[in-house]
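Heavy-atom basis, side chains included; hydrogens, waters and symmetry copies ignored.
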Amino acid sequence: LKLKYRVPLQIVEGRLVLTAVIECPKLRIHRQIMEFVLDTGSQNSYFGYKDVMRLQIPLSEKPSKGEVDVGGSRYKEIELPKMKFHILTEDKIGTISLDVEIHALRTTKTSTQKIQIAQALPSIIGMNFLKDQKLSLHIIPTENIAYLEYDK
């Protein structure tokens with residue numbers, strides 16, 4: 001018997017938002033509530049610059065995996081250790097815990113305007129998250145319903 005779990009997504013200003021509690025002992029991140037924008041146009045998942053700062057993720061000594069264009073700006077893609085995501089299911093009874101690959105974005109620009117653009121960028125969950133975790137995405141825009149489904 002297969003159990004299906006639903007993870008509700010919020011629809012905020014037309015964006016799909018996933019709320020998760022994340023942690024990563026290697027980076028000294030202890031259970032932080034975070035919001036991620038689900039972006040099916042993005043291959044990978046990223047912490048936005050503002051969240052990198054808030055979580056105090058040290059990027060300077062980490063090697064860049066290359067560069068990536070996000071939201072019209074170019075960023076260095078920094079690999080991080082896997083994060084543990086804890087997500088509440090629809091019935092709020094269960095929590096799904098997932099090991100997630102997520103990179104950090106480090107701005108390559110130093111101008112004040114470019115840094116402000118980088119700070120406005122949300123953290124993003126990309127297609128790798130859905131594929132790696134074997135999640136399916138369901139959206140019913142007319143009813144303002146969106147959720148992820150997880151088979152256990």
How long is the straight-line distance from [atom2] of [Y] back to [atom1] of [X], given to the nearest 0.5 Å?
| X | Y | atom1 | atom2 | result |
| --- | --- | --- | --- | --- |
| Ile78 | Ile57 | CD1 | CD1 | 11.0 Å |
| Ser42 | Asn128 | OG | CG | 7.5 Å |
| Ile124 | Asn44 | CD1 | CG | 10.5 Å |
| Leu18 | Gln10 | CG | CD | 9.0 Å |
| Phe129 | Leu98 | CZ | CG | 5.5 Å |
| Leu38 | Leu148 | CG | CG | 6.0 Å |

Short side-chain donor-acceptor distance under 3.5 Å, Ser97 and His86: yes
Indicate whether the side chain of His103 and that of Glu77 have a donor and an acceptor atom separated by less than 3.5 Å. yes
[X] to [Y] - nearest heavy-atom pair and separation:
| X | Y | value |
| --- | --- | --- |
| Val70 | Tyr75 | O-CE1, 3.4 Å |
| Ile96 | Tyr5 | CD1-CB, 4.0 Å |
| Phe47 | Leu80 | CD1-CD1, 3.7 Å |
| Met83 | Cys24 | SD-CB, 3.5 Å |
| Val52 | Leu105 | CG2-O, 4.4 Å |

Contacts of Ser64 meeting side-chain hydrogen bond (donor to acceptor under 3.5 Å, both in side chains) (sequence neighbours excluded), chain-then-number -> none
Contacts of Thr40 meeting side-chain hydrogen bond (donor to acceptor under 3.5 Å, both in side chains) (sequence neighbours excluded), chain-then-number -> none
With a 4.5 Å heavy-atom cut-off, do Leu27 and Pro81 have their side chains touching? yes
Is there a side-chain contact between Gln32 and Leu55 (heavy atoms, below 4.5 Å)? yes
So Tyr49 and Leu59, side-chain contact (heavy atoms from CB on, under 4.5 Å) or not? Walk me through it. CA-CA 11 Å; Tyr49 182 73; Leu59 297 183; over 6 Å; no
Is the CD1 atom of Ile140 crowded by more than 12 outside heavy atoms at less than 6.0 Å? yes
For atom CD of Glu67, is the number of surrounding heavy atoms from other residues, nucleotides or ligands below 6.0 Å larger than 12? yes
Has Ser45 got a side-chain atom pairing as donor or acceptor with Gly126's backbone, closer than 3.5 angstrom? yes
Is it the case that the side chain of Thr89 and the backbone of Arg6 share a donor-acceptor pair, with hydrogens and angles ignored and the cut-off at 3.5 Å? no
If you apply the rule side-chain contact (heavy atoms from CB on, under 4.5 Å), what do you find for Ile33 with Thr19, and how did you get there? CA-CA 7 Å; Ile33 294 176; Thr19 303; 3.9 Å; yes
Tell me, which pairs form a salt bridge (charged side-chain N to carboxylate O under 4.0 Å, His left out) where one or both residues lie in [range], sequence neighbours left out?
| range | value |
| --- | --- |
| residues 33-51 | Asp51-Arg54 |
| residues 119-142 | none |
| residues 20-30 | Glu23-Arg31 |

Are Lys82 and Asp99 within salt-bridge range, i.e. N to O under 4.0 Å? no
In sequence, state the C-alpha distance, the side-chain angles, and the governing distance for Leu137 and Leu16, and then conclude on side-chain contact (heavy atoms from CB on, under 4.5 Å). CA-CA 10 Å; Leu137 172 62; Leu16 301 176; 4.1 Å; yes
Using side-chain contact (heavy atoms from CB on, under 4.5 Å), reason through Ile87 and Tyr150 one step at a time and then give a plain yes or no. CA-CA 11 Å; Ile87 305 168; Tyr150 176 80; over 6 Å; no
Give a yes or no on whether [X] and [Y] share a hydrophobic cluster (residues Ile, Leu, Val, Met, Phe, Trp, Tyr; joining criterion: side-chain heavy atoms under 4.5 Å apart).
| X | Y | value |
| --- | --- | --- |
| Ile125 | Met127 | yes |
| Met34 | Val21 | no |
| Val7 | Val100 | yes |
| Ile11 | Ile145 | no |

Other than Leu88, which residues form its hydrophobic cluster under the rule that side-chain heavy atoms must be closer than 4.5 Å? none
Near-ring test Phe85/Phe36, centroid separation under 6.0 angstrom: yes
